[in-house]
Amino acid sequence: MLPKLGVQADQIERYVNVRQVRQGILTQSDPVELIAYFDEAAFARSVGGPSVMAEQLRHLASAAERANITPRVIPFSAGAHTAMSGGFSVIEFIRDSPVAHVEQRHSGAFLSEKEDVQPFLDAIEILDEVALNQDDSLEVIESYVAKHESQE
């Protein structure tokens with residue numbers, strides 16, 4: 001039984017399909033580079049149960065084996081940080097200005113004006129300072145895999 005998340009089952013399937021298509025750009029012949037920042041709290045919360053969490057984290061660790069994918073963990077020890085106000089993406093282009101995407105519960109927005117995008121670029125600089133490097137991030141991810149596996 002799905003928890004009450006305020007999203008209909010048919011919407012969940014549609015959202016998953018869209019995300020799978022977006023993930024395809026990471027494995028094409030000339031893949032984009034992805035640097036993803038994860039709050040450690042996302043690994044501690046068991047969504048879907050321990051086996052689902054362990055599998056999701058194993059998948060993340062496996063994806064990080066690709067040269068174009070870099071997970072960065074923001075550890076609990078960092079305390080409050082700039083991304084706690086909500087998730088966002090910054091998309092940088094070779095021949096165009098960066099765009100920020102902010103996704104909310106039932107909507108999303110692309111921001112392209114320089115003054116709208118700059119706070120997100122500033123936030124990434126701050127996250128770079130507080131997030132663990134890739135090797136240390138993978139150690140944290142693996143520790144949560146083991147933790148969730150022990151709860152199965």
Side-chain angles (χ1 to χ4, degrees), residues 2-48 52-142 144-145:
L2 291 173
K4 299 261 184 208
L5 298 175
V7 180
Q8 300 297 320
D10 62 328
Q11 289 176 311
I12 292 172
E13 185 174 334
R14 186 167 50 107
Y15 294 155
V16 168
N17 288 337
V18 168
R19 286 202 164 101
Q20 288 175 330
V21 168
R22 289 192 312 204
Q23 287 178 4
I25 66 171
L26 296 171
T27 57
Q28 61 192 13
S29 61
D30 185 21
V32 299
E33 179 183 5
L34 172 67
I35 302 170
Y37 297 89
F38 297 93
D39 193 313
E40 185 175 350
F43 303 142
R45 184 179 311 276
S46 183
V47 177
V52 170
M53 284 300 295
E55 180 57 33
Q56 291 292 311
L57 294 173
R58 279 193 295 272
H59 178 72
L60 177 57
S62 173
E65 293 174 4
R66 296 187 196 121
N68 62 310
I69 298 176
T70 306
R72 304 274 310 273
V73 174
I74 305 162
F76 285 130
S77 62
H81 57 80
T82 188
M84 289 181 70
S85 61
F88 64 91
S89 301
V90 172
I91 306 164
E92 296 183 275
F93 303 96
I94 294 172
R95 294 182 187 91
D96 210 345
S97 300
V99 174
H101 182 255
V102 182
E103 190 171 333
Q104 299 298 316
R105 186 175 182 91
H106 292 288
S107 65
F110 285 98
L111 308 172
S112 58
E113 297 297 324
K114 185 177 181 175
E115 63 272 8
D116 294 330
V117 176
Q118 191 59 51
F120 296 98
L121 295 171
D122 294 343
I124 289 172
E125 285 186 28
I126 294 167
L127 292 175
D128 270 340
E129 293 175 15
V130 299
L132 301 175
N133 65 38
Q134 182 168 351
D135 291 339
D136 292 342
S137 293
L138 287 171
E139 283 184 27
V140 169
I141 292 166
E142 291 296 337
Y144 278 98
V145 169

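Heavy-atom basis, side chains included; hydrogens, waters and symmetry copies ignored. Predicted, not measured: the structure shown is a model, and the values here were computed from it.
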Which atom pairs, donor and acceptor, lie under 3.5 Å between side-chain atoms of residues 115-124 and protein residues at least two apart or in another chain?
residue	atom	partner	partner atom	Å
Gln118	NE2	Asp122	OD1	2.8

Chi angles and distances behind the side-chain contact (heavy atoms from CB on, under 4.5 Å) call for Val99, His101: CA-CA 7 Å; Val99 174; His101 182 255; 5.8 Å; no
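- For the side-chain hydrogen bond (donor to acceptor under 3.5 Å, both in side chains) test, residues two or more places apart in sequence or in another chain that qualify with Glu40 are Tyr144.
- At a threshold of 4.5 Å between non-hydrogen side-chain atoms, the residues Leu34 and Thr70 do not count as touching.
- For Arg58, the salt bridge (charged side-chain N to carboxylate O under 4.0 Å, His left out) partners at least two apart in sequence or on another chain are Glu55, Glu149.
- Between Phe43 and Met53, the shortest heavy-atom distance links the atoms O-CE, 3.7 Å.
- Using a 4.5 Å heavy-atom cutoff, the side chains of Phe38 and Leu60 are in contact.
- Under the side chain to side chain contact (heavy atoms under 4.5 Å, CB included) criterion, Asn133 pairs with Asp135, Asp136, sequence neighbours left out.
- Scanning for salt bridge (charged side-chain N to carboxylate O under 4.0 Å, His left out) contacts around Asp128 gives Arg72, with sequence neighbours left out.
- In terms of heavy-atom proximity, Pro75 sits nearest to Ala131 at CD-CA, 4.5 Å.
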Using a 3.5 Å cut-off and no angle test, enumerate the donor-acceptor pairs between side-chain atoms of residues 77-93 and protein atoms at least two apart in sequence or in another chain.
residue	atom	partner	partner atom	Å
His81	ND1	Ala83	N	3.2
His81	NE2	Asp39	OD2	2.7

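- In this structure, Ser137 contributes its side chain and Val73 its backbone to a donor-acceptor pair below 3.5 Å.
- Interatomic distance, Ile69 CD1 to Ser62 OG, rounded to the nearest 0.5 Å: 9.0 Å.
- Nearest heavy-atom pair across Ala61 and Leu138 is CA-CD2, 4.0 Å.
- The heavy-atom pair separating Val52 from Val47 by the smallest distance is CG1-O, 3.8 Å.
- Rounding to the nearest 0.5 Å gives a distance of 11.5 Å between CD1 of Ile141 and NE2 of His59.
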